[in-house]
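The model shown is predicted, which means the values in this text are computed figures rather than measured ones.
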Amino acid sequence: MTTTADTVGHGPLTGVRVVELAGIGPGPFAAMLLADLGADVVRVDRPGGPSLGIDPAHDVTNRNKRSVLVDLKAADGPARVLDLAARADVLIEGNRPGVAERLGVGPQACHARNPRLVYGRMTGWGQDGPLAQRAGHDIAYIALTGTLGMIGAPGTPPPAPANLLGDYAGGSLYLVVGVLAALHHARATGTGQVVDAAIVDGTAHLSAMIHGMLSAGGWQDRRAANLLDGGCPYYGTYETADGGHMAVGALEPRFYDEFVRLLGLDGFDDARTDWTRWGDLREAVAARFASRTRDEWTARFEGTDACVAPVLSLREAPHHPHLAARGTFTDHGGITQPAPAPRFSATPTAVRGGPARPGADTVAVARDWDVPRLAGPREHQLPDPHRKASP
């Protein structure tokens, strides 16, 4: 792992100003990604914090950001946020449709102050449709798109894939793509716009290839019956003698040949394309993997093109030699966390600061963004953590 110093980093979004209205899940992650890329992200935290969440000191989705504290229900709360929006390039919010408008910080109010603003909206169901006002979480959103129903063994309920597929892949990443595309348009034309990023839309979009295969007859609309969903015996996971697991992805002929050779299986050279033998092949592969430990099989496949890898835990992953060599994970402020991604040759990124503490940067942001009303009366200002004490 690499250790990142607390020096000012750079990235391709250096100079871009982003306002994030505090929320949970995909919104903060999207804002973290923009911050990792160099944007000056100011998170507008609410008094009391979110209803769900961890200790702010450990919430790495708030790294590289600054935080101000604003009560949007107070008389002067909306005006303070609009002052920020007037000087921002992007604003991100993740409320239910209509909430930001009722609070006085919706797109119309913001664009009246800043016509170039990109207003990013992150929701599960989207800004319209029969379910737009209904509560939900990742698992419900992906359930309706057909993607959750693709996962798991037949005869058992589909497992919950953490919240990576919906919240972050179908939500955060699509919001960031949309925001950056709209930012490009705004800089070319001087006109901002609203980006409606719905998890149901993004997650459905992720399944584009599968829908093409389904239309062509190359995918069956049931679980564990296809090449990439566990139905294929040489694309899946197997338990080892010590209770660990190995992941197998030996799809192409030469990779498959290497796989069965190193596994020590005889008589299965032609089973790759004969699906009538897949049951027997699966049993044989499972029996072989069950005969040795995960570490033994890892050593066996090391340096080969059999496309086999050990299934590591979250705590194990940072120590894998390849990930350690690339610096895929980093230590910052005593927290092991994924390093910023992707990587840039001319504008490298870095973890420049730890998780933003609610309200800790109010004075600094008010000064840097020239929004004096943000800080309020001097007697209520929080100390500026970036300013050195007078001698």
Side-chain angles (χ1 to χ4, degrees), residues 1 138-139 142 147-169 206-207 210 219-220 222-269 271-272 275 277-326 328-329 336-339 341:
M1 293 180 289
D138 174 292
I139 196 165
I142 66 175
T147 51
L148 179 60
M150 293 166 48
I151 303 171
T156 62
N163 66 332
L164 303 178
L165 176 57
D167 278 354
Y168 298 138
L206 289 170
S207 65
I210 305 299
W219 190 275
Q220 299 183 58
R222 56 191 179 91
R223 285 185 285 154
N226 301 283
L227 194 65
L228 303 175
D229 65 354
C232 173
Y234 45 90
Y235 193 91
T237 56
Y238 292 91
E239 187 172 357
T240 56
D242 57 347
H245 295 88
M246 299 295 290
V248 178
L251 291 176
E252 291 80 4
R254 66 188 184 94
F255 302 151
Y256 174 83
D257 291 343
E258 183 81 340
F259 168 63
V260 294
R261 181 184 70 80
L262 291 169
L263 204 60
L265 291 180
D266 296 323
F268 287 98
D269 292 349
R272 190 184 73 86
W275 65 267
R277 300 191 62 197
W278 278 9
D280 292 338
L281 176 59
R282 186 185 308 279
E283 290 182 4
V285 171
R288 289 294 295 141
F289 274 121
S291 68
R292 297 185 187 180
T293 66
R294 190 189 69 176
D295 288 348
E296 289 174 325
W297 284 118
T298 299
R300 175 66 171 166
F301 287 102
E302 184 72 25
T304 74
D305 277 343
C307 300
V308 178
V311 178
L312 303 182
S313 71
L314 290 174
R315 294 191 184 278
E316 290 176 314
H319 303 287
H320 187 275
H322 179 76
L323 304 186
R326 284 185 56 81
T328 300
F329 292 86
T336 299
Q337 55 195 280

If you look at every heavy atom in Pro159 and Gly152, which pair is closest and at what distance?
CD-CA, 3.7 Å
Show, in sequence, the C-alpha distance, side-chain angles and deciding distance for Tyr235 and Leu227, and conclude whether the side-chain contact (heavy atoms from CB on, under 4.5 Å) test is met.
CA-CA 7 Å; Tyr235 193 91; Leu227 194 65; 5.7 Å; no
About how many Å separate OG1 of Thr328 and NE2 of His322, when rounded to the nearest 0.5 Å?
6.0 Å
Contact check, side chains of Pro154 and Arg222, non-hydrogen atoms, under 4.5 Å
no
Heavy atoms only: give me the nearest Pro310-Met246 pair and the separation to one decimal.
CA-SD, 3.7 Å
Do the side chains of Phe301 and Leu262 get nearer than 4.5 Å, heavy atoms only?
yes
Min side-chain heavy-atom separation Glu296-Thr240 under 4.5 Å:
no
When rounded to the nearest 0.5 Å, the distance separating CD1 of Ile142 from OG of Ser207 is 11.5 Å
Value for CZ (Arg315) from OG1 (Thr336), rounded to nearest 0.5 Å, stands at 8.5 Å
How close do Leu323 and Ala317 get, counting heavy atoms only, and between which atoms?
CD1-O, 3.3 Å
Restricting to non-hydrogen atoms, name the atom on Leu281 and the atom on Leu265 that form the minimum distance, rounded to 0.1 Å.
CD1-CD1, 4.2 Å
Side-chain donor-acceptor pair present, Asp295, Thr293, cut-off under 3.5 Å:
no
Looking at Arg223 and Ala153, what are the two nearest heavy atoms and their distance?
NH1-O, 3.0 Å
Thr147 side, atom OG1; Leu165 side, atom CG - distance, nearest 0.5 Å:
4.5 Å
Return the CD1 to CG distance between Ile210 and Asp229, rounded to the nearest 0.5 Å.
8.0 Å
I want to check something: taking the side chain as every heavy atom from C-beta on, are His245 and Arg294 in contact at a cut-off of under 4.5 Å?
no
In short, Ser291 meets Trp297 closest at the heavy-atom pair OG-CZ2, 3.8 Å
On the 0 to 90° scale, with breaks at 30° and 60°, tag the Tyr234-Tyr256 ring pair as parallel, tilted or perpendicular.
perpendicular
Among Leu263, Asp280, Val260, which residue satisfies the side chain to side chain contact (heavy atoms under 4.5 Å, CB included) criterion with Val285?
Leu263
4.5 Å side-chain heavy-atom contact, Val248 and Phe259:
yes
Parallel under 30°, tilted from 30 to 60°, perpendicular over 60°: which one fits the rings of Phe289 and Tyr238?
parallel
CG (Asp257) and CG (Asp305) are apart, to the nearest 0.5 Å, by 12.0 Å
Is there side-chain contact between Trp278 and Cys232, with at least one heavy-atom pair below 4.5 Å?
yes
